[in-house]
**Q** 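I'd like to ask you about the structure that follows.
Start at 1 with the first residue, then count along the sequence. Indexing begins at 1, ligand by ligand and atom by atom, following the structure's order.
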Amino acid sequence: MPSTLEALTRWVDKVASLTQPAQIHWCDGSESEYRALVQQMLADGTLIELNQQSHPGCYLHRSNPGDVARVEHLTFVCHARREDAGPNNHWMDPAEAHAKMDALFDGCMEGRTLYVIPYCMGPIDSPLSRCGVEITDSPYVVANMRIMTRMGAAALKRIEREGTFVKGLHSTGELDPERRFIMHFPEERTIKSYGSGYGGNALLGKKCHALRIASHQARDEGWLAEHMLIVGIENPQGETHYIAAAFPSACGKTNLAMLIPPEGYRRDGWKVWTVGDDICWMRPGQDGRLYAINPEAGFFGVAPGTSDSTNPNALATVAHDTIFTNVAVTADNQPWWEGLPGQPVTDWRGRPYDPANGPAAHPNSRFTVSAKQCPTWSPKAEDAQGVPISAIVFGGRRPSLLPLVMEARDWSHGVLMGAAMGSETTAAATGAVGVLRRDSMAMKPFCGYHYGDYFAHWLSFDKAGAVLPKVFHVNWFRKDAEGRFLWPGFGENLRVLEWMIARVKGDAPGVDTAIGILPARDELNLDGLSLTPGQLDELLAVDSEGWQAELEAIGDYLQSFEPRLPTRLRREQQDIATSLEGRTAAASA
Ligand code: TSX
Ligand code: MN
């Protein structure tokens, strides 16, 4: 039987004969390799040096202006059977997709270097980790992958030992939006991405591998690959509870992962530990609890809005050794984006800043930085066993109806909460503002198979011997009748997390309602907040009529996953609808 290394070499040879590179470079992940790549990119203009006094080791990359975001309409999941992709994915026949991609890759690396990037998603020695190899012709991708994954010699050794890896092939191509595709072949554990240099489309370890391919592999192997942050909350007694949380975009996941406790909590000894800000892989351990790792080694975060008031930890993290993409720069060549003090002189495209051209930094501009630089980086983040998860949190941007926090009665109710979640669109998103977009478990763009099957997989964790986390839904974005945010959010969210932990420990009775368990008025610590009793009532109210309409809308949404919708989920939705009708009838009787 040929060794894994031979199989890998054969694949590299095959790709090289298709793409015709001038040379092949096997990445070892060393510091010297990284430095040489940076020098080469500075020389050819791919990177621009930033102010090395204020930002040592920081560089700016300006992408092609037409290549600044993920491209969902060009992202495909290629299962043998169309039905397996589900209504939540674009599907293409695998043979057709391979033919289409191989035609694009034909000769595309002529005169360029083909880089072979062995990488490990998760701590090198963790049984929860999985490896991959990305082939790319982009040195920018190599540099980013070195920050975002465990890349190089150690990963290659694990691949040799383990015998399996996800194959990812990427070329920046000619950046023609008409010739750009991100193809996933879950059954072959293969990714082919052409025509984009943007992070989510090109750093194949992240969304493509760790979510789309891994979600499918996780179902086969009995674990979960989720779009969740992981945060540890240490109380004054020194106990740490780990929380995994899923939010749609623009809800502040990175901010929650790096939360700074309010003054009084800090004084009392509360601490927050960051384990991950985007992806969570978890599976049941020997004791029946779910154990989680962050498969990533860095943060690929949105820059605009990151400031000393929203996320001081992130700002400290990116003060050195960071690659910035599509941010603006100041007169003294410091990186700049909307939300920071000071002034931009050059916008993200390299033009003199003119407000008439829109924001100075691209709204999707990013920082790529090693997680080790985060002041609150958890020592447990490198633990091979992962961290035990006490609570799973779902959330969304919901200006009305959804309370600040509610707890699911049991696991299947929790799965319904996750399936029903969504956000109202903000000005930043394309399309209409204030429209509710459902985004089950925040996985709409990332679930590599049929959502109905995915819900069934979630439900399957509720079995004998399981010690499952409690499930919650939060809404930091509730507004009053005048359109003002009711909840201060940010660090103050720790007050809500504290209640969750009290629930986990059996220290808060809560109030049972038709939609779940809510905090009793005196169970939330509001010391030092200027919240009025009326505002608290609004945040924790259950509007029966509003909820009846919501349950009907959830029912319609679930219907779209038939015939694969688990009956348990349908029953859960019907039970709550019935309970609401009963309570409304009782109230008006
Ligand atoms: O990240 C946010 N979080 C989570 C923080 C741990 N944001 C920013 C969202 C965009 C990425 C929030 N915005 C949060 C929040 O909890 N809440 C809000 C809404 C809000 C905005 C401003 C204020 C209060 C609430 N107050 C003042 O500006 C003074
Ligand atoms: Mn994400």
**Q** Tell me which one of Gly489, Pro488, Ser249 gets a heavy atom nearest to atom 24 (C) of ligand 1.
**A** Pro488
**Q** What atoms of ligand 1 come closer than 4.0 angstrom to any heavy atom of Asn255?
**A** 1 (O), 2 (C), 5 (C), 6 (C)
**Q** Does Ile279 put an N, O or S atom under 2.8 Å from the Mn ion (ligand 2)?
**A** no
**Q** Under 3.5 Å, is there a donor-acceptor pair between the Asn326 and Ser63 side chains?
**A** yes
**Q** Has Asn475 got a side-chain atom pairing as donor or acceptor with Arg398's backbone, closer than 3.5 angstrom?
**A** yes
**Q** Short N/O distance, under 3.5 Å, between Leu259 and ligand 1?
**A** no
**Q** Would Lys167 count as a cation-pi partner of Phe165, with NZ or CZ less than 6.0 Å from the six-membered ring centre and within 45° of the ring normal?
**A** yes
**Q** Would you give the angle at the Mn ion (ligand 2) between Lys207 atom NZ and His227 atom NE2, to the nearest 10°?
**A** 90°
**Q** So if I count the atoms of ligand 1 from 1 in the order they appear, which ones are less than 4.0 Å from some heavy atom of Phe485?
**A** 19 (C), 20 (C), 21 (C), 25 (C)
**Q** Nearest protein heavy atom to atom 25 (C) of ligand 1, by residue and atom, and its distance?
**A** Trp487 O, 3.5 Å
**Q** Report the part of Phe477 in contact with ligand 1, treating N, CA, C, O as backbone and CB onward as side chain, heavy atoms under 4.0 Å; options are side chain, backbone, both, neither.
**A** side chain
**Q** Identify, by atom number and element, the atoms of ligand 1 in contact range of Arg397, meaning under 4.0 Å from any of its heavy atoms.
**A** 9 (C), 10 (C)
**Q** Starting at CZ of Arg146, measure out to OG of Ser370 and round the result to the nearest 0.5 Å.
**A** 9.0 Å
**Q** Please tell me whether His457 and Tyr449 form a close aromatic pair, meaning their ring centres lie under 6.0 Å apart.
**A** no
**Q** Looking only at protein heavy atoms, identify the closest one to atom 15 (C) of ligand 1 and say how far it is in Å.
**A** Phe490 N, 3.5 Å
**Q** Relative to the ring of His227, is the ring of Phe446 parallel (under 30°), tilted (30 to 60°) or perpendicular (over 60°)?
**A** perpendicular
**Q** When you measure from the side chain of Asp480 to the backbone N and O of Glu482, does any donor-acceptor pair fall under 3.5 Å?
**A** yes
**Q** For Asn493, take its heavy atoms, then give the atoms of ligand 1 lying under 4.0 Å from any of them.
**A** 4 (C), 5 (C), 6 (C), 15 (C), 16 (O)
**Q** For atom 28 (O) of ligand 1, state whether the nearest protein heavy atom is under 4.0 Å away.
**A** no
**Q** Do the rings of Phe561 and Tyr557 sit parallel, tilted or perpendicular, given the 30° and 60° boundaries?
**A** perpendicular
**Q** Below 30° counts as parallel, above 60° as perpendicular, anything between as tilted: where do the rings of His362 and Trp348 land?
**A** perpendicular
**Q** Is atom 19 (C) of ligand 1 less than 4.0 angstrom from at least one protein heavy atom?
**A** yes
**Q** Which atom name would you report as the N, O or S atom of Asp278 nearest the Mn ion (ligand 2)?
**A** OD1
**Q** Nearest protein heavy atom to atom 11 (C) of ligand 1, by residue and atom, and its distance?
**A** Gly252 N, 3.6 Å
**Q** Within a distance under 4.0 Å of any heavy atom of Cys251, pick out the atoms of ligand 1 and give their elements.
**A** 1 (O), 2 (C)
**Q** Would you confirm whether the ring centroid of His450 sits within less than 6.0 angstrom of the ring centroid of His79?
**A** no
